[in-house]
Enquirer: 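There's a structure below that I have some questions on.
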Amino acid sequence: MIDPILAARYRAMVLTALARPGAPDLAGRRVLVVDASAQRLGLLEGGRLVFEAAISTALNGLGCQENSYRTPTGWHRIQACLGAGAEPGTVFRAKAPTGEVWRGEPRTEDLILTRVLPLEGLEGGWNRGPGLDSFERFIYLHGTNQEGLLGQAVSHGCVRLGNADVVDLFDRVAVGDPVLIADKLSGDGLGLGRLHFAGVAGSGMSALAQFVAMKGGRASGSDRSFDRGQRPEDRARLEALGVTIFPQDGAGLAGDCAALVVSTAVEEDVPDVAAARRLGVPVLHRSELLAHLVARYRTVAVTGTSGKSTTAAMVFAILRDAGRDPSIITGGELVELQQEGLWGNAWAGQSDLLVIEADESDGSVVRYHPALGVLLNLQRDHKEMDAVAEMFRTFRSQLREGALVGEADNLREFAVGATVFGCGPEAAFRAEAIQAGPEGTTFTVRQQTFRLPVPGRHNLENALAAMAACAALGVPLAAMAAPLAGFQGVARRFQVLGTARGVTVVDDFGHNPAKVAASIRAAHLRVAATGGRVLAIFQPHGFGPLKFLRADFVETFATELRPQDRLWFLDVFYAGGTAARDISSAEVIGDILPRLGTAEHAPSRGWLVDRLAAEAQPGDLILVMGARDPSLTELSRQILTRLAGQ
């Protein structure tokens, strides 16, 4: 299976080599790239990687001198295509079939088999001319009887392929096609060339761009919000790491751009995408890049319909405190990293450990092959549970080392052969002596006492998942107590912004019914001692999710909020694009009102701030919930400021 991210690497090699003397005009042409440092070969066509295979170049290394038994570098062209229709294993000598067929028997000699593509150098004085001419040196692409050694540099100068691969390649190329034989990409820590991120201010895209830059790779990006002059602090953080910001007009795709990285939210009519299609730049989904990184590292991938960001942050905190120097790529912003002056959703450590969120909402969870997989829960969110369960089956089958699975009836099928965590009798990694309070939870695991400074049963389960994962990586249980006790949380995950006039304001990411329910329960724990109310504000994060989960939202708010509590719905967040705007917050409030008479639609944020200032009483907790819209935190701060000013 082709790793699509390698299209960026091959393209970066081509772009670098265009400055070489003799470089051909590649406009509209396919190009074959021999990556000698990786012992791989790829065929680029129309911005796509259409063929990729393991190869063997010369044991003696790279070089153009005759009699050196080295593989020549630089630009070549296919001089001939020999062996069409020949039986696989056909033996060639002096570019002609001998009549002999190799059928897998052991042979000590290096045979030229199946198909032969002689190469002609294009760079005079380098791989063309007296004493260094690739054609005169009989440099070919060909099949081999040494297929077990592919991926290693063991040839006598030619480029060997597997026999099935050379047949496939032969049928895709023609005489005159350009061939680049390249060494490693210098000055590029990831070896992928410049990656341009459309929508780079998004939570997932910004994390990837930062990680690429932190690892010494080359990243650029564009975002509509930056074009509008919004979020200057976020732009400055990216630029401080070396991420170049372009207008979102296609300008970032020119020059040395190796690939465009997009998320599901980036539509085809975005100028960057149109420019990439026009210029033949590979267009890659963010999950394809993340899958490439997951495969390169010893990765812990956290999935589930709720709790991914917090659990990933806890895994990172434990591993970091244990001296394991992990990396993280996540959608949530770790307060620990924010306090170090970073955005908070990415960090590049020096070890081989990487912690990620594996997202089920867009189906990308099925792309990942991590070392360890953490499966937290299965609830109705962006998709029906049966569809999500099918994705989880694929994810579970692709784990390289092991699985950690939450204790739940609908996760039983995934728990076979896994470590189960939870609070019940079926959990091997079990919390006991649980004491839940408004500020956090105390519990024991295997006679070791832990203190967790974030409230709610859901956070206890997240902590157990993180502990089970870290234990699987060899972290002693006793070493987990301190980082969990000092856990600083994730931004907008029940983040207490402050208290004014005796009223506490909490900023929260809750956006699906399960997360909303967990946040309201945590809020009720906090106001239990004061006798206060929960004043809940919810902004739906999209028209599609609100329509899909309409009945679930009605049930959740009507059930979880008490008669004395209050609820306001803001208008649905709309980030632009072609989403059908076929449902409104006012309609859902109309469904809730018969069961919760204190629910209202907020016509504007200004109106809401005034309403809260008049309504809130000492001991109350204002809970602002919603996703995707970074300005919700600013709204929470405005509410706090208004309360403090009265």
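Fair warning: this is a prediction, and the values are worked out from it, not measured in the lab.
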Enquirer: Any salt bridge linking Arg611 with Glu600? Criterion: basic side-chain nitrogen under 4.0 Å from a carboxylate oxygen.
Expert: yes
Enquirer: Should the pair Glu336-Arg320 be classified as a salt bridge under the 4.0 Å nitrogen-to-oxygen rule?
Expert: yes
Enquirer: Any ion pair linking Asp508 and Arg492 (charged N to carboxylate O, less than 4.0 Å)?
Expert: no
Enquirer: Just by distance, no angles: are the side chains of Ser631 and Glu634 close enough, under 3.5 Å, to form a donor-acceptor pair?
Expert: no
Enquirer: Parallel, tilted or perpendicular: which describes the rings of Phe509 and His511, with under 30° parallel and over 60° perpendicular?
Expert: perpendicular
Enquirer: Is Asp321 reaching over with its side chain to a backbone N or O of Ile318, donor-acceptor style, under 3.5 angstrom?
Expert: no
Enquirer: Do other residues, nucleotides or ligands put more than 12 heavy atoms under 6.0 Å from Gln339 CD?
Expert: yes
Enquirer: For the residue pair Thr559 / Glu555, report whether a side-chain donor-acceptor contact shorter than 3.5 Å exists.
Expert: yes
Enquirer: Give the ring-plane orientation class for Phe246 versus His196, where under 30° counts as parallel, over 60° as perpendicular and anything between as tilted.
Expert: perpendicular
Enquirer: What pair of heavy atoms forms the shortest contact from Leu238 to Ser206, and how long is it?
Expert: CD2-O, 4.4 Å
Enquirer: Does a salt bridge link Asp565 with Arg562, judged by any charged N lying under 4.0 Å from a carboxylate O?
Expert: yes
Enquirer: Please tell me whether Phe414 and Phe395 form a close aromatic pair, meaning their ring centres lie under 6.0 Å apart.
Expert: no
Enquirer: Do we get Arg430 above Phe421's six-membered ring, with its NZ or CZ under 6.0 Å from the centre and within 45° of the axis?
Expert: no
